[in-house]
Structures are given as C-alpha cells and as structure tokens.
There are 2 protein chains.
Amino acid sequence: MEESQALKSLSALSDATRLRMLRFLVTAGEDGAPAGSIGEHAGAAPSRASFHLAALAQAGLVVPERVSRQIIYRVDFDALGGLMGYLIEDCCGGHPTVRACCGPAKRTGA
Amino acid sequence: MEESQALKSLSALSDATRLRMLRFLVTAGEDGAPAGSIGEHAGAAPSRASFHLAALAQAGLVVPERVSRQIIYRVDFDALGGLMGYLIEDCCGGHPTVRACCGPAKRTGA
DNA sequence: TCAATATTTCTTGAATTGTTGAGATATGCA
DNA sequence: TGCATATCTCAACAATTCAAGAAATATTGA
C-alpha cells in the first residue's frame, strides 16, 4: 500500500457517519448491505448516505454492486487489512521488545 | 474503545506528516524518538513537527516524555491496537466466511 | 407507458483544518 | 548569569469538507 492510498482510507474513516457505515458493513461480512439500510444504521438521510458511501468506495474501502434496484456495498477486506498492515509495517524495526507491540495486527506481507 | 476516541485517532492519522511520524515511531518501537528527529524524517519544520506531534499525542496515539532538553515520543501500541480492533469488531457478525475477512488484525478483546 | 422505489447529483452556506513565520519557554553548560 | 539548543505557542490566511434539501436517474411491476 502506498501512502496516498492509506491517507485516502484514513481520511474516509475520519468521519462519524462513514466510520459507522464501515463498521456496520464489517459485521455484515460477505453479504454486504444495501445503501438504504446502511444509511439507516448510520443515522444518515439517503442523500447523505449516498455521498458518504461514495467516499468510502472512492477510498477503496467498500465495493458497490447493483442488484436489481438496490446497490449492495461490501467491505473490501483486503484493503482494510492492507491499511492496518501499513500502519504497523516494520514494527519496532523488526526486533520486537518485551511488550507485545507488534502483537495486535501484525501481518508482514501486507 | 469509543467512537469518539477512534475518530480522534483516525483524524490524527489523516495527514501525511502525522502518518509518516507515526510510522517512523512504529519502527522506532519502545525507544521512541525525539521531536526533532521525528520532524526531520517526516519532512516537517520544527514548528510543524511540534504541532503535529501534539495532535498525535492529543489523539492518544503517542506519548511524550521529556528527557533532558529533548522530548521523546513513543507510540502507544495499546491505543494503536485498540483502534484496529475497533475497526474490525464483530467482523462478519462473528461467523467468518470462506474469505479470511477477519484474518489480518483480529483481536477480540480490544 | 405510468407510477413507485432506491439511489445519486447538484447547489449553497458553515465549520474545520493545514500552513507559515515570529516569538516564547525550558534545559544544559561555561 | 548569559548563551545555545530543543521544543512549543500564537494569529492570519487559504483550502478542504460536511450538511440539507430539491431534483434527476435507473429499475421494477401493473
């Protein structure tokens, strides 16, 4: 992951509505959820929900798919995992100390 | 972790200078690094470095400690891990599917 | 084709945030 | 005490971003 991509993702998540949306979609897993439902859970009017979902999609954190008259959004778990990996890359210079500093989310390959 | 805390952390990381600073401090591990050195690595003038480090500290992502005339900053790895845990809490509703959607950074207790 | 549902686009105004540069504070040493 | 180093604080300006509501687009079924 590149810095610019990480910044896009982090900026996208720096908003209460979008953070709630992403967390809701995380719990929804592979099934995803339609825009209307997501907006409801996040407490956003349809217009706002559309705007924020577009921002999440633009950041690459979610992927839209039209199904009939609904648009289903799903978390891109690779992107989310990649973002986390980016944050803790080369943790402790590769030689972790006593504390479990690299513990919570270490994934070298990301 | 609460939403407001997560938002503070994510907002703090939504800036190129601060993101570089945090990543630099992650590689520095427990030793941390002095403000001047951090600013240099992030390409920020002392004034800017101070401002951004204060923002990171305010968000709870780093912790300052004065050592002689320098101020050493260290990543709060618990806070960073907690943030990641918050993002993927209740991943896939607790029943992960085929894909390793909950893989990269799962830590239930956070 | 017409009506209803689901979602997106557009416009305006308000609020937040980043940058810069100078000046202030704290520490260490002669 | 007086100087140099390391870091922080402050004020004005520019740029980005969010919210709200009305209107437009796409899909479905009668």
Side-chain angles (χ1 to χ4, degrees), chain A residues 3-25 28 31-76, chain B residues 3-25 28 31-76:
Chain A
E3 181 183 87
S4 66
Q5 181 56 47
L7 279 172
K8 280 182 195 170
S9 300
L10 290 166
S11 298
L13 292 176
S14 303
D15 175 87
T17 301
R18 291 195 292 265
L19 182 56
R20 288 194 205 110
M21 285 175 156
L22 185 96
R23 278 168 41 92
F24 173 62
L25 284 177
D31 295 337
S37 167
I38 301 169
E40 246 181 276
H41 278 270
S47 164
R48 283 286 88 196
S50 173
F51 173 81
H52 287 301
L53 283 169
L56 286 172
Q58 175 68 28
L61 288 168
V62 304
V63 177
E65 179 197 0
R66 177 174 278 280
V67 175
S68 179
R69 75 177 73 178
Q70 294 184 316
I71 295 189
I72 305 296
Y73 284 87
R74 295 183 179 82
V75 173
D76 183 333
Chain B
E3 181 184 87
S4 66
Q5 181 56 46
L7 280 172
K8 280 183 195 169
S9 300
L10 290 165
S11 297
L13 292 176
S14 303
D15 175 89
T17 302
R18 291 196 291 267
L19 183 56
R20 287 195 205 111
M21 284 175 157
L22 186 95
R23 278 170 40 94
F24 174 62
L25 284 178
D31 296 337
S37 167
I38 300 169
E40 245 181 279
H41 277 270
S47 164
R48 282 288 85 197
S50 173
F51 172 81
H52 287 301
L53 283 169
L56 286 172
Q58 177 67 29
L61 288 168
V62 303
V63 177
E65 180 198 359
R66 178 172 277 279
V67 174
S68 177
R69 76 177 72 178
Q70 295 183 317
I71 295 189
I72 305 297
Y73 285 87
R74 294 185 180 82
V75 173
D76 183 333

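Predicted model, so just to flag it, every value in this text is computed and none were measured. Proteins get letters first, then strands, A, B, ... in listed order; numbering begins at 1 in each.
Rounded to an integer number of Å, the gap from R20(B) CZ to dG18(C) C1' is 14 Å. As rounded to whole Å, 11 Å separates atom P of dT9(C) from atom CD of Q58(A). At whole-Å resolution of the value, CD in Q70(A) and P in dT8(C) are 11 Å apart. Between the P atom of dT5(C) and the CZ atom of R69(A) lies a distance of 8 Å, rounded to the nearest Å. Straight-line distance from the CG atom of L13(B) to the C1' atom of dG18(C): 16 Å, rounded to whole Å.
When all heavy atoms are compared, the tightest approach of L22(B) to V62(B) is CD1-CG1, 4.1 Å.
Residues from residues 46-57 of chain B lying near DNA chain C, meaning a heavy-atom separation below 4.0 Å, are S47(B), R48(B), H52(B) in numerical order.
Between dT27(C) and S68(B), no contact under 4.0 Å exists linking OP1 or OP2 to a side-chain N or O. The side chain of R66(A) contributes no N or O atom lying less than 4.0 Å from OP1 or OP2 of dA6(C). Using a 4.0 Å cut-off, some side-chain N or O of Y73(A) falls inside it from OP1 or OP2 of dT8(C).
Rounded to 10°, the helix from dT1(C)-dA30(D) to dA30(C)-dT1(D) has 30° between the axis fitted to its first five pairs and the one fitted to its last five.
A 4.0 Å heavy-atom criterion places the boundary nucleotides of DNA chain D facing chain B at dT5(D) to dT9(D), written 5' to 3'.
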